[in-house]
Amino acid sequence: MDDKCLKAIPETTYLSAGNVRRYRGILHYFYVQHEKMRQYLFPEDVYQYLRQDEVFADYTEDELQQDLKQLVEWKNLIPRQETGRVMTIEDFKRKKFRYQCTPYTVEIERMVEHLYEIGNSFGGSLETTMFDRLFQSLSRFQEEAKTGQGSELNQAWEDVYSYFKKIVQSASDYLAHLKSEKVEERMMTEAFLVYKDSFADYLRKFILGLQQVSYNIESILRNFETEVFERAAQELASYQLSIPRLEETLSHEEFVLKYQDQWQSLRDWFLGIPGRASELTSLENETTETIRRITRFVQRIGEKQQNVRNRYKDYLHLATWFAQENSIAEAHALSAMLFGLSQVRHVFADQAESENMYQSVWQVAPMKITVKPRTNTYREKRRPGAVIGRAAEKTAALEQYLAERRREQELIDSIIENNRIVIAQLPVQEPFIRKTLLAWIGKCMASQNHTAKTEQGRQIRLVRQSDASITLTCLDGRLTLPDFVIEVLS
């Protein structure tokens with residue numbers, strides 16, 4: 001990278017300095033007068049201009065002298081001592097100056113004004129006439145490059161390269177403008193329907209004109225002989241060196257290299273490079289894609305309007321049907337047909353209160369369902385509350401549980417006689433006894449020797465007394481089972 005691309009530019013310091021309002025006011029006045037061909041200004045003229053603004057109401061001449069001196073240090077102004085109006089030796093010693101803004105300052109102020117004009121959006125345009133002009137100027141340069149020299153050849157090349165730069169800049173800016181977020185938001189509004197035809201026609205004409213002219217330009221670039229351009233580059237460099245300039249300028253070889261780079265950029269833009277399509281093809285594809293995007297936006301807006309209009313008419317028609325029904329039952333039947341379960345795609349409800357499959361939906365009590373958002377970030381609102389001590393309730397619940405276990409243990413102990421439980425001889429029992437005996441019988445049946453261990457740690461064995469069946473009577477029913485006897489081993 002060139003060293004000059006890495007150096008600071010002191011001429012732009014005044015744009016962000018502490019007294020930026022004073023510096024910018026002074027240099028803007030210099031820039032305006034420069035555009036009016038007034039190159040040199042006296043401090044009195046600048047001071048008189050600034051005092052016309054309320055911002056500079058307290059501005060003094062000493063402050064102006066300090067600001068002018070600072071701007072000279074930043075290379076924004078060039079001082080020149082004025083000797084024409086000196087009347088005395090004292091005036092000469094005070095060194096009255098008049099000032100001229102530097103070329104950098106003029107270009108900086110010009111750039112700032114251009115920034116104000118373009119605002120925050122891209123401009124640009126897609127003009128096929130620029131391609132026509134480029135084709136004409138390129139044809140002229142092709143003829144001049146063979147034998148031309150001097151200003152005619154230079155003007156032909158300047159026309160070619162200036163039209164090329166305008167095409168690249170305008171096209172890229174306009175496509176960036178169409179891709180900006182603000183423009184896409186406007187495209188999705190119904191107000192865009194008014195401009196859709198003009199937008200599409202503008203882009204379509206550009207594509208057609210581009211396809212017609214670009215082929216001729218590509219043909220010239222492919223047939224342009226390298227030796228012819230090398231000769232033109234030599235002549236252009238010689239012409240640039242023939243222009244008298246006081247400042248340091250490029251050498252002959254550097255001018256030739258500069259024109260070769262510009263020519264190669266022009267060829268690459270239209271013809272591309274090996275392995276990559278040309279920028280012309282990219283521009284054509286981008287424009288075609290923009291037309292497709294506009295078409296999609298218009299289609300979505302049209303579908304949205306179509307759906308709204310159709311549903312509106314549908315609802316009016318359905319309301320007429322409901323108004324013609326003679327009873328609420330017929331209205332229910334019509335509602336079930338129109339909005340019933342056949343039209344529902346997803347149903348969610350709590351567990352049904354009844355298993356009767358023939359129960360009508362009108363016989364079920366209504367229920368209220370709270371729908372929660374299906375997002376990962378949703379959390380139910382919780383309010384902080386006091387911690388309530390429930391030790392007494394827990395102790396009471398524990399005592400109640402232990403008492404229940406002791407009572408059950410007493411019931412089991414009461415049916416054990418001589419370490420045996422003869423089920424056929426048991427009187428009417430509570431359901432707990434039946435469940436416990438069935439659990440024990442299941443455990444013993446699962447064992448090969450028909451023994452098992454109970455929850456209390458007893459070792460039991462299941463023995464069948466006879467082939468007959470017996471009946472165990474409980475408070476909630478009767479249980480018929482084989483004639484089993486449970487022996488308590490330990």
Side-chain angles (χ1 to χ4, degrees), residues 346-361 363-372 374 378-490:
H346 304 283
V347 179
F348 173 80
D350 290 339
Q351 187 175 4
E353 297 180 354
S354 174
E355 299 293 338
N356 185 6
M357 62 182 296
Y358 299 104
Q359 187 180 30
S360 172
V361 68
Q363 298 174 349
V364 178
M367 64 180 65
K368 183 178 180 180
I369 299 175
T370 303
V371 180
K372 298 180 181 178
R374 293 187 174 184
Y378 172 75
R379 297 289 185 276
E380 292 187 5
K381 293 183 178 179
R382 297 180 179 178
R383 293 181 178 178
V387 178
I388 302 175
R390 302 187 184 276
E393 298 178 2
K394 292 180 181 178
T395 303
L398 178 61
E399 292 178 353
Q400 182 180 359
Y401 173 79
L402 295 176
E404 186 68 20
R405 298 286 81 78
R406 286 195 294 271
R407 191 181 73 84
E408 292 175 355
Q409 184 62 38
E410 291 174 358
L411 288 175
I412 292 175
D413 294 341
S414 64
I415 61 175
I416 300 176
E417 293 182 1
N418 299 326
N419 294 328
R420 298 177 76 230
I421 300 176
V422 182
I423 299 177
Q425 299 176 1
L426 293 178
V428 178
Q429 299 292 327
E430 293 187 6
F432 164 74
I433 296 296
R434 184 189 70 244
K435 295 178 183 179
T436 302
L437 292 178
L438 285 177
W440 289 0
I441 291 172
K443 287 184 177 180
C444 293
M445 294 292 288
S447 174
Q448 292 182 354
N449 54 2
H450 292 179
T451 60
K453 182 178 287 186
T454 66
E455 293 80 0
Q456 292 77 24
R458 291 191 174 108
Q459 190 73 23
I460 59 175
R461 181 172 58 193
L462 183 65
V463 178
R464 184 163 184 170
Q465 290 282 75
S466 64
D467 296 334
S469 299
I470 61 174
T471 301
L472 175 63
T473 304
C474 299
L475 296 177
D476 58 347
R478 297 162 63 87
L479 173 65
T480 301
L481 70 163
D483 186 10
F484 287 136
V485 173
I486 299 176
E487 297 178 352
V488 181
L489 302 180
S490 62

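Put simply, the side chain of L462 reaches to within 4.5 Å of the side chain of M445, judged on heavy atoms. Contact of the T451 side chain with the Q459 side chain is registered, since non-hydrogen atoms from C-beta on lie closer than 4.5 Å. Using a 4.5 Å heavy-atom threshold, the side chains of I486 and L437 count as touching. I460 places none of its side-chain heavy atoms less than 4.5 Å from the side chain of L489.
We find the NE2-NZ distance between H450 and K443 to be 16.0 Å, quoted to the nearest 0.5 Å. In this structure, Q425 CD and Q465 CD are separated by 8.5 Å, a value rounded to the nearest 0.5 Å. If you take CZ on R461 and CG on N449, they are separated by 8.5 Å, rounding to the nearest 0.5 Å.
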Solution key, residues 412-423 side-chain donor-acceptor pairs under 3.5 Å, sequence neighbours excluded:
from, atom 1, to, atom 2, distance (Å)
D413, OD1, Q409, NE2, 3.0
D413, OD1, R458, NH2, 2.7
S414, OG, E410, O, 3.4
S414, OG, L411, O, 2.5

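When every heavy atom of R464 is checked against every heavy atom of D467, the shortest pair comes out as NH2-O, 3.4 Å. The heavy-atom pair separating S466 from D483 by the smallest distance is OG-OD2, 2.8 Å.
Other residues, nucleotides and ligands contribute more than 12 heavy atoms inside 6.0 Å of the CG atom of D476.
Judged by a 6.0 Å distance limit and a 45° cone about the ring axis, R434 is not positioned over the six-membered ring of F432.
Checked against T471 for a side chain to side chain contact (heavy atoms under 4.5 Å, CB included), the options L479, T480, L481 give a single hit: T480. The side chain to side chain donor-acceptor pair (under 3.5 Å) with E404 is formed by just one residue from the set R406, R407, Q400; it is R407.
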